[in-house]
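Single-structure report; data block below.
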There are 2 protein chains.
Amino acid sequence: MLFSVKMQQNLTIADVMQNGGKWFMPSLSLDCVIFGFHENQMKVLLLKMKNAEQWALPGGFIYKDEDIEEAAIRVLRERTGIHDIFLQQFHVFGRPGRSDKKFHSDIMKKDGIKPAKDHWILQRFLTVGYYALVDFAHAIPHPDGTSTSCEWWDIHEVKELFMDHKHILDKALETLRLQLNHQPIGYTLLPQKFTMPELQKLYETILDKKLDRRNFQRRMMGYGILKRLSETRKGGAHKAPYLYSFDLRRYKKALQEGLQGGW
Amino acid sequence: MLFSVKMQQNLTIADVMQNGGKWFMPSLSLDCVIFGFHENQMKVLLLKMKNAEQWALPGGFIYKDEDIEEAAIRVLRERTGIHDIFLQQFHVFGRPGRSDKKFHSDIMKKDGIKPAKDHWILQRFLTVGYYALVDFAHAIPHPDGTSTSCEWWDIHEVKELFMDHKHILDKALETLRLQLNHQPIGYTLLPQKFTMPELQKLYETILDKKLDRRNFQRRMMGYGILKRLSETRKGGAHKAPYLYSFDLRRYKKALQEGLQGGW
DNA sequence: TATCATTGCGTCATAAAGACGCATTGTATG
DNA sequence: CATACAATGCGTCTTTATGACGCAATGATA
């Protein structure tokens, strides 16, 4: 987690540094791996940190009487503007050495604050990892108080992140892959209407391998979770593909058992 | 979590109550769902609590400089005597209302201690859930300082547990089911040598459904992860079945991709 | 020695998965 | 405006996996 004012836009860093210990659960943060799908690529939302040439996952602290999941929803809403978001807790990261204490104390010194050694922000922190799947077109990235910008990155281009955030991202991807048949991947990541090639590219990106176009279509239609619309997507350079949307009722039912078959 | 002396057998409850705040991470505990397999039934290790007519999951606190997983290993070692244990973190339980504060303050009052309202044990606690798979025959249940006994329960007979521990147990089982093809279920839960019917019963118990004996054998052998020994298990009332053991090299390799096929 | 439940191995029918052929379609090009 | 082109939609064929079940062999028991 960044140290930070992520969930309190109108609070200053100094406010949080001073009062965080009163407001938040001690030694605990959360980080969100927010996935989007755009131009046939998986994207992840990252923050450019104010005080360093690094990028980080959006995160936050948990108020003393707040459900962790509520806190995650809050962070997601503030970073993307989306209220109805799909998210899943996937892992707790708690190695004793994972917090960058120097980073935080340096920032405070810069602000003229000399933090006590037992200052809450300088303690060891655990972070609860959540991944979220959002419709790229509906998300409007908003930086928080600790960051200068908030941008989508292609997951393949992310090399190094703040602290152990790259590790967290990798673990999120791994989890997503394993849960592919049990989570509403397509429904949450694609717009309401989409083409079969788009859905296929989504699967290919997550699985990181090519799939046969014709077999993919047969299988997807076999699940009985897609409705083919009468419209087609015009404007492409070639034959206009049909648009599809999910039959949400059937989709959810199918996911309870898990979509059958491996990839 | 029980409040408790679980990881410090020679410490008194009073010791922990008084000093826990100095030693442990605040507001954080861990709980272990320890599975064993015996007489064709899945068992879970539970503690009978000293101060209540309730059973609870073994758990513990995390020292301030201790890795959470290390702490879980510590708890498992102390409850079972097993050093080389298979465990997996599966979920964090963090609802604000999940801690039973009255329970803890009552115990302290019983001991003549009048806890301050901000006493560490009376704070809101999160707990990190781990599940462990152990060889039943090698585990020797040891109660901890907060419990009068430590026993294996058939998972189907567990009705109600302390706080949200039943919920934690259910979630562990659900996770185990989902990860069946990716975890060394058989290797960790069965003794080194086992029969095919035993392996099948293990799968049937976890999946909670009957499988065809002959198709199960064909499929298992098809994975190429089992070695059939020349010995048979004598003593049964009927035809002596062959003993098998895992080809660990192949098994681990197969698990990386996941055993193919659904159940 | 006969009995009997269990075990090991096999067959058959059906369903799913993988590889690929081909006509159709909407756009672009000359 | 005819033609080329690449992507799409649908289908076939083959190979594998799955589900249901038959049957002989086995080893303790009566």
Side-chain angles (χ1 to χ4, degrees), chain A residues 39-41 180-182 186 190 193-245 250 254-255 257-263, chain B residues 39-40 180-182 186 190 193-205 207-245 250 254-255 257-263:
Chain A
E39 291 178 347
N40 287 338
Q41 294 292 334
L180 195 56
N181 284 353
H182 294 268
L190 293 176
K193 298 175 182 181
F194 52 89
T195 66
M196 194 59 79
E198 283 162 3
L199 183 60
Q200 183 181 340
K201 282 287 190 309
L202 172 58
Y203 273 79
E204 288 182 337
T205 312
I206 294 174
L207 293 165
D208 202 23
K209 70 171 167 191
K210 284 235 153 283
L211 301 170
D212 182 275
R213 183 177 63 82
R214 293 150 292 189
N215 294 335
F216 179 83
Q217 168 137 354
R218 171 160 45 107
R219 181 165 164 181
M220 274 297 155
M221 293 311 287
Y223 289 136
I225 58 176
L226 293 178
K227 285 181 297 195
R228 191 170 85 179
L229 311 178
S230 49
E231 315 166 57
T232 54
R233 164 105 73 227
K234 311 266 181 183
H238 302 288
K239 177 172 178 176
Y242 282 105
L243 287 172
Y244 295 81
S245 67
R250 289 161 180 267
L255 286 177
E257 297 293 309
L259 300 180
Q260 294 307 303
W263 299 96
Chain B
E39 290 178 346
N40 286 338
L180 195 56
N181 284 352
H182 295 268
L190 294 175
K193 298 175 182 181
F194 52 90
T195 66
M196 194 58 79
E198 284 163 3
L199 183 61
Q200 184 183 337
K201 282 288 190 310
L202 172 58
Y203 273 79
E204 289 183 338
T205 313
L207 294 166
D208 202 23
K209 70 171 166 189
K210 285 236 153 281
L211 302 171
D212 183 274
R213 183 176 63 81
R214 294 150 291 190
N215 294 334
F216 180 83
Q217 169 137 353
R218 176 165 40 126
R219 180 165 165 180
M220 273 295 154
M221 293 311 287
Y223 289 138
I225 59 176
L226 294 178
K227 285 180 297 195
R228 190 170 84 178
L229 311 177
S230 48
E231 316 165 58
T232 53
R233 163 105 73 225
K234 309 269 182 181
H238 302 287
K239 178 170 177 177
Y242 282 104
L243 287 171
Y244 294 81
S245 68
R250 289 162 181 267
L255 286 178
E257 297 293 309
L259 300 179
Q260 293 309 303
W263 297 94

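Nearest heavy-atom pair, A:K193 versus A:L229, reported as atom, atom and distance to 0.1 Å: CG-CD1, 3.7 Å. Residues A:L259 and A:L255 approach most closely at CG-CD2, 4.1 Å, considering heavy atoms.
D:dG9 atom C1' lies 13 Å from atom CD of A:Q200, rounded to whole Å. Atom pair A:M221:CE and D:dG9:P shows a separation of 10 Å (rounding to whole Å applied). When rounded to the nearest whole Å, the span between CE of A:M220 and P of C:dA16 equals 15 Å. In this entry the distance linking OH of B:Y203 with P of D:dT18 reads 13 Å, nearest Å. Rounded to an integer number of Å, the gap from A:N181 CG to C:dA17 P is 10 Å. Rounding to whole angstrom units, CG of residue B:L199 and P of C:dG8 are separated by 12 Å. Atom OH of B:Y242 and atom C1' of D:dA25 are 10 Å apart (whole Å). The CH2-C1' distance, from A:W263 to C:dG18, rounds to 13 Å in whole Å.
Between A:T232 and A:D212, it is A:D212 whose nearest contact on DNA chain C lies nearer the 5' terminus. Residue order along DNA chain D, read from the 5' end via each residue's closest nucleotide, puts A:M196 first among B:A237 and A:M196.
Of the candidates A:L207, A:I206, A:T205, A:L207 is the only one forming a side chain to side chain contact (heavy atoms under 4.5 Å, CB included) with A:K209.
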Might you list the N or O atoms of the protein lying below 3.5 Å from N or O atoms in nucleotides 21-25 of chain C, with each pair's distance?
| unit_1 | atom_1 | unit_2 | atom_2 | d |
| --- | --- | --- | --- | --- |
| C:dG21 | N7 | A:R214 | NH1 | 2.9 |
| C:dG21 | O6 | A:R214 | NE | 3.4 |
| C:dG21 | O6 | A:R214 | NH1 | 2.9 |
| C:dT24 | O2 | A:K239 | NZ | 3.2 |

At a cut-off of 3.5 Å, list every protein nitrogen or oxygen paired with a nitrogen or oxygen from nucleotides 11-13 of chain C, distance to 0.1 Å.
none

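One distance of note links CD of B:Q260 with CG of B:N181; it measures 8.0 Å at 0.5 Å rounding. With rounding to the nearest 0.5 Å, the separation of CE in B:M221 from OH in B:Y244 is 5.0 Å. Separation of atoms CD (B:Q217) and CZ (B:R228) is listed at 8.0 Å; rounding is to 0.5 Å. With rounding to the nearest 0.5 Å, the separation of OG in B:S245 from CG in B:L226 is 8.0 Å.
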Under 3.5 Å, side-chain donor or acceptor atoms of residues 194-203 of chain A against the rest of the protein: list the pairs with distances, not counting sequence neighbours.
| unit_1 | atom_1 | unit_2 | atom_2 | d |
| --- | --- | --- | --- | --- |
| A:T195 | OG1 | A:E198 | N | 3.3 |
| A:E198 | OE1 | A:T195 | N | 3.0 |
| A:E198 | OE1 | A:R233 | NH2 | 3.1 |
| A:E198 | OE2 | A:R233 | NH2 | 2.8 |
| A:Q200 | NE2 | A:E204 | OE2 | 3.0 |
| A:Q200 | NE2 | A:L211 | O | 2.9 |

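Looking at heavy-atom distances under 4.0 Å, B:R233 makes no contact with the nucleic acid at all. Among the heavy atoms of the strands lying under 4.0 Å from B:G261 are primed sugar atoms or P, OP1, OP2 only; no base atom is included.
OP1 or OP2 of C:dC9 lies within a sub-4.0 Å distance of a side-chain N or O belonging to B:Q217. Taking 4.0 angstrom as the limit, A:Q260 places none of its side-chain polar atoms (N or O) nearer than this to OP1 or OP2 of C:dA16.
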